[in-house]
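These notes are about the structure you will find just below.
Proteins get letters first, then strands, A, B, ... in listed order; numbering begins at 1 in each.
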Amino acid sequence: MDKTYQPKNIERKHYERWEREGRFKPQGGDEAFCIVIPPPNVTGTLHMGHAFQDTIMDTLTRYQRLRGVNTLWQHGTDHAGIATQMVVERQLNAEGLSRRDLGRDAFVERVWDWKAKSGGHINGQLRRMGASVDWSRERFTMDDGLSAAVRDVFIQLHEEGLIYRGKRLVNWDPVLHTALSDLEVLSEDEQGSLWHFRYPLADDSSNGDETHLIVATTRPETMLGDTAVAVHPNDERYQHLIGKHVRLPIVDRLIPIIADDYVDPEFGTGCVKITPAHDFNDYEIGQRHNLPMINVLTDDAAINDDMPADYRGLDRFDARKKIVAQVETLELLEKIEPHTLKVPRGDRTGAVVEPYLTDQWYVKIAPLAEPAIAAVENGDIKFVPENWSKTYFDWMHKIQDWCISRQLWWGHRIPAWYDDNGNIFVGKDEADVRAKHNLSDDVNLRQDDDVLDTWFSSALWPFSTLGWPEKTQELDSFYPTSVLVTGFDIIFFWVARMIMFGLKFAGDVPFREVYIHGLIRDQDGQKMSKSKGNVLDPIDLIDGIDLESLVAKRTTGLMQPHLAPRIEKATRRQFPEGIAEFGTDALRFTFASLATTGRDIRFDLGRIEGYRNFCNKLWNASRFVLSTTETLDDNQSAEADDSLSGRWIRARFDHMVATVDRQLARYRLDLAAQAIYEFTWHEYCDWYLELSKATLYDDDAQAHAKQATMRTLSRTLEGLLRVMHPFMPFISEEIWQRVAPVAGVAGDSICDTVWPQANPANHDPSVADDMQWLQTFVLGVRQIRGEMDIAPGKALDIILVDASADDRARFAANKKLIMKLANLADADFLPAGDSEPPSATAMHGEMKICVPMAGLIDVEREIERLTKQLGKSQADLAKTQGKLSNASFVERAPADVVATEKQRAQEHQQQIELLEAQLDALAKLESNDPA
RNA sequence: GGGCGAUUAGCUCAGGGGUAGAGCGCCACGUUGACAUCGUGGAGGUCGGUGGUUCGAAACCACCAUCGCCCACCA
């Protein structure tokens, strides 16, 4: 083995072999475990969020697989309608073409080409992450099977009246020329203005003094479509005007003054212009009052040809300026106030979205939402952490009908056909429609141009990927799936819709649990984004990247090129040496360690470096184990190490495994990882491995003792590798293949092993006590050494004073171990009657471990050291006595707590006496010292 | 306007009614036969604030402060 851990030498070969040997396929077993991957966009690349999420899913999957459970991690990709179409359109634009130049069929073909060309990229990256998805079952949302599922669902919902077509106000993206669902619209505060316009009262409505009403608006250009002015029904100022009319400026149309509760009399002037075709509230008011709806815009959000000639074809924002100017010219501009308002933008294009009147398809959601709410309420589905269910409920309880049609070309085309009279027929295809409705061939049919929202097919993912609507073996075995691992950002987009559709079509919940993880942010808590230039590529963390390449990567292809210098500067400051190669296992272990219950996760490079070091530690411990084995005979026949340390490490191993089991069951990968780290470094390496040297390097030790030590050393490591494997698949496999033969375990791959089971025989409290005694002894000597700056290489002579029979027995039993770990040259009990030499002292219960000073130790420093300890003991005693002197504590606290406290007081008291005596002796020594 | 979360060591974060934990960083010593991507020892926190519950609160409750996120139609 190399002296240092080199991840790049080991990762690919193992993955290729696992995949070749089909190790990720379901392998039987009565119990089943299934995760469906949240399908990444087919043309996407792996980002930190994916890498994190995939690590969690892979760890859970490999864990279950090792446990002998029939395990499937179902993989696939999403066609991502809008995102993919935009990518390809951008390419076309670069060639000076638009999708309309190509036409629909050619364009869609071109997207398929693009998918074929770049669709595999993220799969390659998933392999680098070690993801053990079953590649043989990979699906794509536009596969034939999945598309058929989409059609079936659409048809059934339509037949049940749960899908309908209607002319409604929708969120219109004027760049993409498509409707968006509410969820695809993001509203941010932006600085705008509130324009106050005077709307003159109609002649018969004014009464001398009163000549106009003042309305306030943030969207002046929509006034062209105003069909009323509304006031609050109880607003005294305007009572007398309700039912009268104003004359709409510019357009010169008479519009009524109506009364509606919606109006807040406190805001602005208490008069609201009503534009039913361009505002969601106004739309509802328009419905209530039977107002006409006047559309003023085109698909591009320019003023349409029904409007006054001066405005036709003007972009909405140019029209706004012109309207304001004209209103001012007409002396109807009361004032302009600065105003902060929410501006709705499309989540993909960033374009300001317009409420726009169009024909769209909708899912009637309430009947689907009801059982979906119940499933979470009654515990059929559990959110982890639990409080996300509240977020889910909040949204589900006020859920609106879902607009599912998109005016795109890339996606599942809506299976609806129209005849020349506008009748709608829904079916699998044209032939099916004709057959179902007895339409003869001379009836002209035209398929709906729209495609479905991508999330419509995503909603079917847990069952469509398993073969639905066919009744497959996979559905039978794996549905409902075990757990969905996802971020909170798509609870509404995806999780809720899967629950609704799963219950409706697959007859059960799609998953038993939903594990919601946090979002990966950068080290400052900023969201990672290209425009901020703070993106880390998981693959760069695995392979490393030099500074120049990193700078180039972060500064090319920016939407706002002017940010490049700033990004470059920040990157050079943060990564003066570029990014080192950490390897997949270190990255995965970092993600596991960060997988806490919080929402945000700051990705700190220090952590991954630490876990790379951890890998190296494991690597070298394994080198030690293997190199030692070489020098020994075959140890297969040897009994396990039955000494104190051997029994102790086995007990600690069991304890660690139990912790990992417990924490994985509750998705606390961080605590599971911590238990592995702690055991590996601080128990196995720091103690057992060092203790083993006392036997292995001891010329006097019996051969069978060495064999036994060797056996426990190698078997513990082998078991540890199995526990590590779900977290760090590569390094565990690499080392396992070398260690397994030594540990007497057969198999070609660590994937063939089974998860370790605790052995109750390993639990012996006396072992823990004895080991604790040994550790305290060694630590006592080390502390003197450390605080006195005695070189670690200097072997010490010590004298043990006031040792009890117990101490003597324990010392005798473990003398060689202690001598080795504390690096002692000699250790003797003080003969009865002798007085102890001047020493630095460690208290071990009632026993004193004395390091004679002779030439080594400074009296003053020892006094200082013990005084510090004394102070601490005194403070502790005071605290304990404070409690014990409190009558109600003694009376009301549980007996065992009081007993513990009493014992503590006694121990502190004893420590204090010993320390005081020792300090006394040192003080005398010092005063006698002529120096 | 509703809802959720956070506030613990210099930094990143666990924990949780019974004497405050980890990793990184820091200080000192050290190249002893797995590992300097290391070893040994050490320093460092009145657990955001104020009240309350309790024998006991960093933990539970209330309020407050600061920060963050989600949802919502105030023109």
### Task
Mark yes or no for a side-chain to base donor-acceptor pair under 3.5 Å between A:Arg892 and B:U54, with no hydrogen or angle criteria applied.
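Answer is no: no donor-acceptor pair is held.
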
Quick check on [N]: is either OP1 or OP2 less than 4.0 Å from any side-chain nitrogen or oxygen of [X]?
X	N	answer
A:Arg602	B:U12	yes
A:Asn886	B:G56	no
A:Lys617	B:G39	yes
A:Trp687	B:U40	no

A:Val384 and A:Ile516, any side-chain heavy atoms less than 4.5 Å apart: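 A:Ile516 vs A:Val384: side chains apart.
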
| query | ring pair (Phe, Tyr, Trp, His ring centres under 6.0 Å) with A:Tyr392: which residues, sequence neighbours excluded? | reply |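 Counting only residues at least two positions away or on another chain, A:Tyr392 forms a ring pair (Phe, Tyr, Trp, His ring centres under 6.0 Å) with A:Phe383.
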
Reading nucleotides 70-75 of chain B from 5' to 3' and marking B where a protein heavy atom lies under 4.0 Å of the base, S where only the sugar-phosphate is that close, and - otherwise, the string is -SBBBB

*asked:* Rounded to whole Å, how long is the line connecting atom CD1 of A:Ile601 with atom C1' of B:A6?
replied: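 It works out to 14 Å between those atoms.
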
### Euclidean distance, atom CG of residue A:Asp604 to atom C1' of B:U12 [Å, nearest integer]
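Result: 5 Å.
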
Identified side chain to side chain contact (heavy atoms under 4.5 Å, CB included) partner of A:Thr709 from the options A:Asp698, A:Leu696, A:Leu691 =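 When A:Asp698, A:Leu696, A:Leu691 are each tested with A:Thr709, the side chain to side chain contact (heavy atoms under 4.5 Å, CB included) holds only for A:Leu696.
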
- Give a yes/no verdict on a cation-pi contact between A:Lys335 and A:Phe197, requiring under 6.0 Å between NZ or CZ and the six-membered ring centre and an angle within 45° of the axis.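 Ring-cation test returns no.
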
Assigned partner base of B:U31, Watson-Crick or wobble definition, under 3.5 Å
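Partner of B:U31: none found under 3.5 Å.
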
Near RNA chain B, counting only heavy atoms under 4.0 Å, which residues of residues 777-789 of chain A show up?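 Within residues 777-789 of chain A, the residues near RNA chain B are A:Leu779, A:Arg782, A:Gln783, A:Gly786, A:Glu787, A:Asp789.
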
